[in-house]
Each structure stands twice: as C-alpha cells, then as structure tokens.
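Below: the structure, in structure tokens.
Note that the coordinates shown come from a computational prediction; the quantities given were computed from them, not determined experimentally. A, B, ... follow the sequence lines: proteins, then strands. Residue 1 opens every chain.
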2 protein chains.
Amino acid sequence: MSNKEIPYKIYLEENEMPDSWYNVRADMKKKPAPLLNPATLEPLKAEELEPIFCKELVKQELNETDAYIPIPQEIKDFYKMYRPSPLVRAYCLEKKLGTPAKIYYKFEGNNTSGSHKLNSAIAQAYYAKQQGLKGVTTETGAGQWGTALSMACAYFDLDCKVYMVKVSYEQKPFRREVMRTYGASVTPSPSTTTEVGKKILEEHPGTTGSLGCAISEAVETATKHEGYRYVLGSVLNQVLLHQSVIGLESKIAMDKYGIKPDIIIGCAGGGSNLGGLISPFMGEKLRGEADYHFIAVEPASCPSLTRGKYVYDFCDTGKVCPMAKMYTLGSGFIPSANHAGGLRYHGMSSIVSELYDQGLIEARSVEQTSVFEAAEQFARVEGILPAPESSHAIRVAIDEALKCKETGEEKTILFGLTGTGYFDMVAYEKYNNGEMSDYIPTDKDLEAGFAGLPKQPE
Amino acid sequence: MSNKEIPYKIYLEENEMPDSWYNVRADMKKKPAPLLNPATLEPLKAEELEPIFCKELVKQELNETDAYIPIPQEIKDFYKMYRPSPLVRAYCLEKKLGTPAKIYYKFEGNNTSGSHKLNSAIAQAYYAKQQGLKGVTTETGAGQWGTALSMACAYFDLDCKVYMVKVSYEQKPFRREVMRTYGASVTPSPSTTTEVGKKILEEHPGTTGSLGCAISEAVETATKHEGYRYVLGSVLNQVLLHQSVIGLESKIAMDKYGIKPDIIIGCAGGGSNLGGLISPFMGEKLRGEADYHFIAVEPASCPSLTRGKYVYDFCDTGKVCPMAKMYTLGSGFIPSANHAGGLRYHGMSSIVSELYDQGLIEARSVEQTSVFEAAEQFARVEGILPAPESSHAIRVAIDEALKCKETGEEKTILFGLTGTGYFDMVAYEKYNNGEMSDYIPTDKDLEAGFAGLPKQPE
C-alpha cells in the first residue's frame, strides 16, 4: 500500500476495538519475578494482597498464564468515550526532518486526564465498584494519574482520595483543581493524616515530598479505612495489562494498512506506557513470529534501566508495599531538583525490567534540554504540545529518523505520544527562557541510592 | 436507524471532509450590513481594507454571492492533522439526565489551541503567507485565539505578534507560554509599543486592559510595519466562513447516520463558533429545505444579543477599526469583574446579528454559576472538562434535555463543544471553593455603554 493511501490519522471503528487485554507474561518463557512479602521475603499470595488491592486486580496481578483477558462491557463503554486513540502518521515531522523514515505515533492525550493513564484508571475503578467498595486511594506526582483516577471514580460514583506530592500540589494547583472538579479529595504529601506521613515529616521537616512517600500514605489510608483499596497507576503487572490496549489498537490499525514498524519507542518511568505499547508486538517477538527493535527512553537524571541494578527493592519510601524485583536506583533516590518532567520513579515495572534483562529491549537515557528541543520542534510542525514525559520518546524518534536520513533507510518508526503538556507550562517557560539545565547523576549520587537497597532473598 | 447503531463518536474519513467552506450570506435575502469607514460613514471598499487585512481575506470578507468557497489544499492538509473533529453522542449525559432526548455535540477541543479557533487561524495564516507577508498581528483575551494563531504561524513560518489583554497576560501565564513555545511574541496590552496603547495608559493608568484596546494596538502595529497585516479570531464574515467547517462536518456526519437535529445550540461571544456550527443548517432553513431551532447562548453579564442594540458601532476601543452593524453593548462596555470566562466582546458578528434580527435565531442569556454547574456535571459523565465558554451551550443543552424529560419528547439536540477548560482552572477553582458569583448588569450599567455609541449613518 503506497504512502498516499495512509491518512494522517487512523481511527479504528468501534467494532474494531480490542475485546481483550493482552497479557505478555503468558508468552514469556522466563516470567517476571514475583512480589515478595517484605517481612518474610516469600512470594506474596493472593490473600496477602487482597487487603491492599481489589480482588479481581490481585487475580490479574498474579495471572501469568492467560494471554487474553476479556475487557468487561462497562469498561469498553467508557473506552468508547475517548478511544480509539488516533494512530497518527507524522507527515509534517517527516517533511521537516527531510527523512525517508515513516514516522507514526499513537496519541493518548485526547482526554481530560491528558494521558494514557485513564486506560488503567477506569479498569481499576470498575473492579473496585464491582467489589462494592466505597472508594480508592492513590498517590500522584505530576498529577496525570490522579486526574485519570478522579475521572474514573466520578464516572462510577466512587470516593477518591489522592495523595499528591507536596511540591506538585503547590506548583501545579491547576491539576489539583481538575481533580477537585471531578470530586476527588486531594491531600499534599507528606501529610499528618497518616502515621508514615507524620514520621517522614518528623524526620525531614522541610521535605516537599516524593512519589515513594505519597505511595506509603495512600497504602496506609486504604488499609486503615473500611471499604477502601489502594490503586496504582504504573509499575504493576495489572497496569501494564490494561495499558496493552494502546499496543493492541496500534497493531490493529497498522495491520489494517499493512504497516510493519521496524522500531517501537516509548518513554519509560514506571513502564506503563512502554509496556502497554510494545506488548502485542513483544508477544510476536517472543513467539518468534516477527522481530522489532524496541527502545525504552528514560531521563538521564533518573536512569533506572541504563544505570540501575536489577534487584529486589521497596516500591515506596515507607516500605509498606510489597517488594518487587526491578531495575532500580534505590527507593531513596530522588532526581536532582532541576529535573522538570515526570518519569521520576526510582524503579521500573517488573515486566519491562525482565524483558530488558533478557536483552529484548534497548534502553537509552536522554537529557532534558534535548528533550524539550524535540518537544518544541514536534509541537511546531505536528500541532500538539507534548508532555515532557512523551517528549523523551519524540527525542529518540527524531534521532532515529535523522539516522535514516543519513543512511537513506526507509525505516518505519512507531512511538507512543502518551500525553499533552498543558499542565507543564512551568517547565516549558523555563525552556523558553533558556533557563533549563541538565544534570546527570554522578556514580556517587547513585551509590547513595543503592546503599538503601534491602537484603536480597536467597 | 436505531440508537444502537450510532457510535459514541462519529469520525468522518479524510475523503468525506468538506472541500469548500459554506458562505451563508449567499443564501440570505437580506444581507448583513456592510462595514463602514468611521470617518466618512460610507461602506468600505476592498482597497481601503487591504492595508489592514490580507488581500484574499478582504475578498472573502466582501463576498456575499458565492455559496461555496474552495478550501486550498495546504489548509486541507493542516485540517487533517486535527480534523475531522468528532461528533459525539452524549450517551452518558443522556443516561445521567434520564432524558428521552438524543444529545450530540461537535467537539472542537482536540488540538493544542484547545478550541475551534484554529480553523480560521490556519486559513488566515495561509493567505498571509501566500501574499508574501512577513507576519501578522492580533489580540487575544483568554488566549485561545492567540494560541491558535501562534500554531498556524509556526506551521507557515510567519512572525506572530500577539497583544494579550494585560489581566489575562498576568493571570494566564501558561497560555502565554504556549504561544511563546510556538514562537510568537506576546505583549501585555495596553502597552507602550503603540500610540493608542500609550494614550489609553495615560488616560487610565491602572487599567488591566480590554479586548477592544488590544485590537486597537494590534491594528496599529500591523499598519505601521511593512509586511504585516492584522488578523481577527471572531466577529468578521471571513472568520464565520472558515468556521463553517464545524457545521459542514457535523451535517455530513449526521446525514451519514440519518440524524436530523431539532435544536442546534452554540455559545456566542463574537459569534464565530455559533455562526460556523449553524451555517449549513441555516442555509437549509433560508432555502426553505428544512427547519431547525437555533439557540445562541450568551453570558448574562455580557448580553449583547438579548439586551444590546442593533446599530453601527466601533469594533475596538481605539476606534481605529471599521465600524460594523451589530447587536452591541457599546465599545466601552466591559463585563463586571466577577465574570470568569470569555464571551466578553461588546458586540456580535454582523451575520449572526442580522440572522437574529430576522428572527431566525433565539438568544438566551445564562448566569455563570449555573454554567459551571453544567460544566461540572458534563465533565463528570462525559469525561471532558469543558471551557467556560462552551459550557454556556452545555447549560442550555441540559435545560432543553430536561424539558424533554418532562414532556417525553425525543428531540435531537446538537450543540457545539468549542473547547477544553485546561487553562481556565482559576475559574474552576473559584467554583469548586463556592466563591463564584453572578452579576447581571443593571439598565444603568448598559446605558453607560450605549452612551458611547457613534453617530449612525443616514
């Protein structure tokens, strides 16, 4: 099929949308390492997880065998409000770069949460509702996940308690107001509403918070309140499962037009977008049916894949969560203060970590000024102001397209455009004013994080 | 065709998108009144308008006879990046309201400018580029138009000078940064860069600016700089022409599914969205082929249609622009300080004014707390956080749907959802905190505005 016949945007029809999520673990010979009980260092059983997570989500978390898990009708109906997301052919970017490469991106920003996070938020809210719960608790950093969850909870009439990293709560009042408009209660973290929050405030009186700390508070609140469970927007297997809808839609759209990507690129913080985007393609690779070059892009200032260790670590600062095996910088690691965007979690999803460890994914780290350069270039020709997180993928997509320009190769590049940057204008302002700087952690910086790693299981 | 077969979102294929804009004036027996030279009170000729506006746009401004004006290929290509916009069936809102009415909305917010304004911005930038100009100047209030124009200028590599109403410049730094990211220069108005700005600053030292004043500055700058022209985001005939793409796409989508709207609702500030949305339907009505109930919704605090006078008035504070016949509150009218959203222009497009004067459109004014109530209700079930402007239309759409609930009528309602509220969180915060108030201008308030009306032509 010639280029001419491929539209700028490919939208699937409703009846072409996926009916099931795809569980990549089913096709992995070596499975990701299980979650451990931090006290016993033994793999956690369903009944140990159920006080924290919804029952059905625990099942999904532990399910390593079913490749396809049907999407309940209620979730499919919600998906129809903002999905299918468009698969866009970046004709204007290609022209601007003068590259023979064909660039596609799956754009997940056309919803009020502004990102792909809604794909899992609605699923988690649905199962909480099904279980007859009153509400859910969570943490949010930049606010995309909190917004997504607020929207999902409003739809199912569930209470939603969000712990927002204090620095974001103060610097991003607009995100906070979006959540409040959807009826969520938003508490700056660390707070005095939890024991772990109080303890952290005592030890670090001036702290502006961290994601790891907000997680601890949200978990504590969920376990202490009757009828509440904790939900998480990334890292977990269940989240990557729900996010597979990104990759599935992409693949259906590409198959429809006979397009086969050579390179698939995603930004990687906790791994939810990357894992979701690549999963059906990775499935083909694992089954030996096709080959793709996968690239995970992370910030040089928070380089869990490229410079982290593949070990068991705490998922949160308060160490109240299960332990996960992952590429990690240590649960105490916090990116330097000049780090502007998200992608600041110290670890990486167990699935992505294991796939990376098996050599199935390449990882690259990029510096933030070059990321914003790519963001601006993209915005000006493609008309979408991207989220700083998504712009990590744009950076590498442009780099790869420019390589094609040099070599003359007509590679097909697919990247995930996870969201929009409308609530990130403070960072853009810094960039516009020439005040943005880069920081690559020294080995010594990293060692401080690694020093906090827990005792490993035998 | 039964409801079941109508998807949540109807997207046209690229080849179904309109090839021409529709010029409703061609089907109006009594045409809108012409623009006048404020000095002579004579209708302006093309050559008098060309120092201000691009040549091709002047032609479009004065064209009363051609019903269809072809959309140039370059503009069609740009449209394909963010259009067709979805026509959404508001299944969830219907269910929530328990109404037998069928509610549809045309959603124009899925682009970085966040509104329909981009439809005309790209056209105006294109014609400026065609004419070999260096750049364009404009004013912006809330910032949607300025953002749209910045995006369009970045695409065609044109310089873009935006005068932003000072109060918005200061209160909406994020909008300003979006414009800067697209390479525009943004100046708070009134400024000392123009004679009219200096004069206004002298007379009103503490002023936070107004749209009318920013228009004057932008016009002065365009006429004083070689290779620049002024462009405007609403009110003008040319803008309503470009915005007809909204209505044309809506009509094609509805025709495809055999849907015929009974009521068509749009918010109305300068009239660009309303005029664009209703135009092809109005054409049918004017030609006697079909009937529709059109409703223009305006803020009670800026009620140009419902309480204004239909006379010739100045379009700007500095009185440097042509005079237009329109429903107006007087060019000196400024909504009370508690007015939160846009839709604050003192006048209304000549086309909409004339159609309204002929009794072809109903006008309603609504108070802002009830508008935000509707906005919140809509956001929670339909998942989109609407712009305050768009929410005026939502308010009346909900009111009409609730009437249907009482009467049992299964009316089909179409409204324009012009944009998203992501940059309006200050207003939402006020609403969330219960601090939003209403103000309906007294007759005395209005008389002050009317006192500034110019001498009318014979």
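- Between S250(A) and L87(A), the shortest heavy-atom contact is O-CD2, 4.3 Å.
- To the nearest 0.5 Å, atoms NZ (K117(B)) and CD (Q243(B)) are separated by 7.5 Å.
- The residue among F174(B), Y422(B), F423(B) with the most heavy atom pairs within less than 4.5 Å of chain A is Y422(B).
- At a heavy-atom cut-off of under 4.5 Å, chain A is reached by M151(B), A154(B), Y155(B) from residues 144-159 of chain B, listed in order of number.
- I75(B) approaches A123(B) most closely through the heavy-atom pair CD1-CA, 3.6 Å.
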From CA spacing to verdict: side-chain hydrogen bond (donor to acceptor under 3.5 Å, both in side chains), S85(A), K106(A)
CA-CA 7 Å; S85(A) 70; K106(A) 180 72 168 167; 3.1 Å; yes
Evaluate the criterion side-chain contact (heavy atoms from CB on, under 4.5 Å) for residue pair Y257(B) and E5(B); output intermediate values, then yes/no.
CA-CA 9 Å; Y257(B) 283 86; E5(B) 296 165 36; 5.9 Å; no
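- Looking only at heavy-atom pairs under 4.5 Å with chain B, the residue among R83(A), K96(A), E13(A) that has the most is R83(A).
- One distance of note links NE2 of H242(B) with CG of L118(B); it measures 12.5 Å at 0.5 Å rounding.
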Begin with the C-alpha distance, continue with both residues' side-chain angles, and end with the deciding distance and a verdict on side-chain contact (heavy atoms from CB on, under 4.5 Å) for Y91(A) and I6(A).
CA-CA 10 Å; Y91(A) 283 118; I6(A) 294 173; 3.6 Å; yes
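- The residue among D77(B), T420(B), V381(B) with the most heavy atom pairs within less than 4.5 Å of chain A is D77(B).
- The greatest number of non-hydrogen atom pairs below 4.5 Å with chain B, out of N111(A), V178(A), N15(A), V88(A), is found for V178(A).
- Contact count versus chain A (heavy atoms, under 4.5 Å) is highest, among E382(B), R175(B), E376(B), R180(B), for R180(B).
- Considering only heavy-atom pairs separated by less than 4.5 Å from chain A, the leading option among C92(B), G114(B), G109(B), A375(B) is C92(B).
- For a residue to count as touching a neighbouring chain, one of its non-hydrogen atoms must lie under 4.5 Å from one of that chain's; by this rule F107(B) does not touch chain A.
- Residues Y11(A) and P86(A) are in side-chain contact: their nearest non-hydrogen atoms beyond the backbone lie under 4.5 Å apart.
- Judged as a salt bridge (Lys or Arg N to Asp or Glu O under 4.0 Å), the pairs with a partner in residues 417-433 of chain B (not counting sequence neighbours) are, in order, R176(A)-E429(B), K172(B)-D424(B).
- Residue T181(B) touches chain A through both its backbone and its side chain, counting heavy-atom pairs closer than 4.5 Å.
- With a 4.5 Å cut-off on side-chain heavy atoms, L385(B) and Y428(B) count as touching.
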